[in-house]
Amino acid sequence: AQSVTQLGSHVSVSEGALVLLRCNYSSSVPPYLFWYVQYPNQGLQLLLKYTSAATLVKGINGFEAEFKKSETSFHLTKPSAHMSDAAEYFCAVSAYSGNTPLVFGKGTRLSVIA
Amino acid sequence: DSGVTQTPKHLITATGQRVTLRCSPRSGDLSVYWYQQSLDQGLQFLIQYYNGEERAKGNILERFSAQQFPDLHSELNLSSLELGDSALYFCASSHEQGSPLHFGNGTRLTVT
């Protein structure tokens, strides 16, 4: 079975500062890993996806994530936070093979301070 | 715009009632997923359909049921509603296993 742990339910950064949102996964098989973002009153939008092609994955809006198998981590980063990045971020995992839907973490709310 | 359409956007009903939530997937997507989002439980997977057939089941209550029709739209039926069923219900679709899920904007259900 797959599971995801997001460390920190709320992260606050200053505008222009580094964003780091942490995600650790558990999977008995090679995983697919995803980061999604949810803005208020909206559905989830895909930020980026890891499928074993490359360990460093670049996504939209300047975000990227690095897959580290030894640490079972898939942390999300952005070099410089913008006010528009304030949202809820979800890490998710599914099995590389088989028929398992996405399992989401509890989410991390990112606040950006001017 | 994800291409996934959910109706209605908001639903307010009383305990004991039954409601139906509707989802139209993105064009070409055969899989439909239903998720429930609440403050205390986060995003919980309910059920998945693939081309009309149930493919996977998650934490779906027996009072809840779903189906996917030949035109690939899906409906989630919630019956004998309780206050605790108040949540955001999301539908998502994907083309195949491992493909990203594309989410609708959700139906906010309030049970009073």
Side-chain angles (χ1 to χ4, degrees), chain A residues 1-10 21 23 25 27 29-53 57-60 63 65 67 74 87-109, chain B residues 1-10 21 23-26 29-51 53-60 66 74 87-108:
Chain A
Q2 291 75 39
S3 67
V4 167
T5 301
Q6 290 185 242
L7 300 176
S9 59
H10 186 204
L21 303 182
C23 171
Y25 71 91
S27 178
V29 297
Y32 287 122
L33 292 160
F34 306 80
W35 275 99
Y36 283 83
V37 61
Q38 184 180 27
Y39 297 101
N41 300 315
Q42 293 187 25
L44 281 73
Q45 299 174 30
L46 179 68
L47 273 179
L48 49 81
K49 169 187 177 183
Y50 166 76
T51 59
S52 80
V57 182
K58 293 188 182 299
I60 62 172
F63 284 94
F67 173 72
F74 191 58
E88 188 95 16
Y89 292 80
F90 293 91
C91 183
V93 63
S94 73
Y96 186 78
S97 62
N99 189 39
T100 57
L102 282 187
V103 175
F104 286 86
K106 295 283 189 184
T108 297
R109 180 167 300 278
Chain B
D1 183 8
S2 68
V4 178
T5 304
Q6 287 189 250
T7 57
K9 290 184 180 180
H10 301 278
L21 282 54
C23 169
S24 293
R26 249 177 18 136
D29 285 356
L30 299 179
S31 275
V32 169
Y33 305 75
W34 286 97
Y35 283 84
Q36 179 192 60
Q37 185 180 36
S38 60
L39 283 175
D40 53 342
Q41 296 292 325
L43 268 164
Q44 295 287 312
F45 166 68
L46 296 178
I47 197 164
Q48 176 200 356
Y49 280 83
Y50 178 83
N51 202 21
E53 294 191 1
E54 183 182 304
R55 183 61 68 93
K57 218 167 187 176
N59 300 321
I60 189 167
S74 177
L88 256 177
Y89 291 85
F90 285 107
C91 169
S93 71
S94 72
H95 185 63
E96 60 188 8
Q97 177 68 23
S99 299
L101 267 59
H102 299 271
F103 282 79
N105 284 337
T107 293
R108 182 173 294 282

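The analysis underlying the following values was restricted to heavy atoms, covering all of them including side chains, and did not include hydrogens, waters or symmetry mates. We name chains A, B, ... by the order of the sequence lines, and we start the count at 1 in each one.
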Turns out that what part of A:Leu46 lies under 4.5 Å from chain B's heavy atoms comes down to side chain

Side chains of B:Phe103 and B:Ser2: does their closest heavy-atom pair fall under 4.5 Å?
-> no

Select one option (side chain, backbone, both, neither) describing which atoms of A:Gln38 are under 4.5 Å from chain B's heavy atoms.
-> side chain

For B:Asp40, is it the side chain, the backbone, both or neither that has a heavy atom under 4.5 Å from a heavy atom of chain A?
-> backbone

Aromatic plane relationship, A:Tyr89 with A:Phe63 - under 30° parallel, 30 to 60° tilted, over 60° perpendicular | tilted

Salt bridge (Lys or Arg N to Asp or Glu O under 4.0 Å) partners of A:Lys58, counting only residues at least two apart = A:Glu64

Under 4.5 Å heavy-atom distance to chain A, tell me which part of B:Tyr35 shows up: side chain, backbone, both or neither.
-> side chain

Heavy-atom proximity to chain A below 4.5 Å, by part of B:Gln37 = side chain

Is there side-chain contact between A:Val57 and A:Phe67, with heavy atoms separated by less than 4.5 Å?
-> no

Sequence neighbours excluded, which residues qualify as side chain to side chain donor-acceptor pair (under 3.5 Å) partners of B:Arg108?
-> none

